[in-house]
Amino acid sequence: MKTTQTPAPVPAESGAPVTKEDTPPTRPPKPKKEGTVLNVFSHGVLVIWAFMVVMPLLWAVMTSFKDDRSIFSSPWSLPDTLHFDNWSRAWTEANMSDYFLNTVLVVGGSLVGTLVLGSMAAYVLARFDFPGNRFIYFLFIGGMSFPIMLALVPLFYVVNNMGLLNTIHGLILVYIAYSLPFTVFFLTAFFRTLPTSIAEAAFVDGASHSRTFFQIMLPMAKPGLISVGIFNFLGQWNQYMLPTVLNTDPDKRVLTQGLVQLAVSQGYKGDWSGLFAGLVMAMLPVLAAYIVFQRQVVQGLTAGALK
């Protein structure tokens with residue numbers, strides 16, 4: 001019997017082209033695991049932080065629907081019955097409706113004034129060179145580092161001498177002055193990122209400085225205005241020290257003063273269910289504002305880095 005022998009493969013000569021069939025198969029590269037541990041750690045920290053932030057809010061909302069006995073006997077359990085009378089009692093008997101209206105007037109007026117004056121000052125400091133430009137800019141930055149506690153006593157006498165003590169418009173002016181340094185600092189950096197070609201084209205077409213600012217540059221700065229507006233809204237809505245010193249009239253108290261008054265109104269036998277209901281009332285506008293404008297806040301914070 002004859003056996004057939006397969007010829008041994010002949011090595012390719014030097015200089016001869018190597019075909020695809022001649023090359024040995026290569027193994028697929030293994031996926032890189034660089035940064036996996038860091039991603040797991042960062043996501044774990046974010047989950048823990050979200051739990052620490054969300055749980056107290058949910059607990060406050062849950063407690064606002066309990067009665068006083070259930071709050072102390074079973075603080076972590078769900079309410080057996082939803083006590084909506086806690087909200088109505090806090091709104092009417094504890095005068096939370098009046099405090100809410102006063103807070104809306106003060107924060108609304110001061111927020112509009114802060115954004116208008118702060119944007120105008122920031123635009124001038126960012127776009128025009130004049131003697132003393134940097135000095136005025138650093139004065140605003142210095143105002144951010146000045147403790148409000150050191151200004152309470154002289155501020156009280158200044159507001160009293162001007163006849164603005166225990167008035168809504170006096171508190172609005174103080175809030176504006178308190179919020180201007182951060183607003184000017186934030187918007188100055190934002191206006192510097194906007195393109196100058198559009199403003200120059202408006203000047204060529206005959207637009208004045210005021211028209212260029214209000215009709216062209218200010219709409220372009222909308223993300224920055226919303227971002228700094230949210231920060232100012234949070235600070236002014238939760239402000240307690242300034243109204244306590246400058247607003248001693250019981251009929252013109254704001255929400256923070258009303259919550260403290262509700263907590264100490266009955267001494268050791270406080271209306272805890274009504275207090276939590278009032279706390280949630282004061283908390284809801286802040287959460288709603290941030291949820292609605294969260295996309296604009298992120299855009300305003302990252303606009304300077306993206307351009």
Worksheet, complete the sentence: residues 246-258 vs salt bridge (charged side-chain N to carboxylate O under 4.0 Å, His left out), sequence neighbours excluded, gives none
Worksheet, complete the sentence: Residue set satisfying side chain to side chain contact (heavy atoms under 4.5 Å, CB included) with Leu173, at least two apart, ordered chain then number -> Leu164
Worksheet, complete the sentence: In short, side chain to side chain donor-acceptor pair (under 3.5 Å) pairs touching residues 153-172 with sequence neighbours left out are Asn166-Thr248
Worksheet item: So, do Trp237 and Tyr175 have ring centers that fall under 6.0 Å from each other?
Response: no
Item to complete: Could you check whether the rings of Phe186 and Phe231 sit parallel, tilted or perpendicular, using 30° and 60° as the cut-offs?
Response: perpendicular
Worksheet item: Which heavy-atom pair separates Met62 from Pro79 by the least distance, and what is that distance?
Response: CG-CD, 3.5 Å
Item to complete: With sequence neighbours excluded, tell me which residues meet ring pair (Phe, Tyr, Trp, His ring centres under 6.0 Å) with Phe146.
Response: none
Discussion item. Just to verify, what does Phe156 make a ring pair (Phe, Tyr, Trp, His ring centres under 6.0 Å) with, not counting sequence neighbours?
Written reply: none
Discussion item. Quick test of your reading: applying side chain to side chain donor-acceptor pair (under 3.5 Å), list the pairs with at least one residue in residues 94-103, sequence neighbours left out, ordered by first then second residue.
Written reply: none
Discussion item. Taking CE in Met144 as the centre, count heavy atoms belonging to other residues, nucleotides or ligands within less than 6.0 Å. Is the count above 12?
Written reply: yes
Practice prompt. For Tyr178, look at atom OH and say whether over 12 heavy atoms of other residues, nucleotides or ligands are found less than 6.0 Å away.
Written response: no
Worksheet, complete the sentence: Scanning both residues in full, the closest heavy-atom pair of Gln236 with Ser179 reads NE2-OG, 2.8 Å
Worksheet entry | Contacts of type salt bridge (Lys or Arg N to Asp or Glu O under 4.0 Å), residue Asp85, not counting sequence neighbours | Arg89
Response to the item:
So OG of Ser74 and CZ of Arg69: to nearest 0.5 Å the spacing works out to 9.5 Å
Response to the item:
Residues at least two apart in sequence or cross-chain that pass side chain to side chain contact (heavy atoms under 4.5 Å, CB included) with Ala126, listed by chain then number, are Thr188, Phe191, Arg192
Item to complete: Return the minimal non-hydrogen interatomic distance between Ala90 and Met96, and the atom names on each side.
Response: O-CG, 2.8 Å
Response to the item:
Sorted by chain and residue number, the side chain to side chain contact (heavy atoms under 4.5 Å, CB included) partners of Met52 (sequence neighbours excluded) come out as Ile48
Item to complete: Name all pairs fulfilling the salt bridge (charged side-chain N to carboxylate O under 4.0 Å, His left out) condition that reach into residues 200-215, sequence neighbours left out, sorted by first residue then second.
Response: none
Practice prompt. Tell me, yes or no, whether the heavy-atom count around Phe130 atom CZ, taken from other residues, nucleotides or ligands under 6.0 Å, exceeds 12.
Written response: yes
Fill in: Pairwise distance CZ(Phe233) to CD1(Ile230) - rounded to 0.5 angstrom
7.0 Å
Discussion item. What I want to check is whether the side chains of Asn232 and Thr183 have a donor and an acceptor closer together than 3.5 Å.
Written reply: yes
Fill in: Set of residues satisfying side chain to side chain contact (heavy atoms under 4.5 Å, CB included) with respect to Val61, sequence neighbours excluded
Phe65, Val280, Met283
Worksheet entry | Check: Pro243 and Leu171 side chains under 4.5 Å, non-hydrogen atoms | yes
Discussion item. For residues 114-131, which residue pairs pass the side chain to side chain donor-acceptor pair (under 3.5 Å) check, not counting sequence neighbours?
Written reply: none
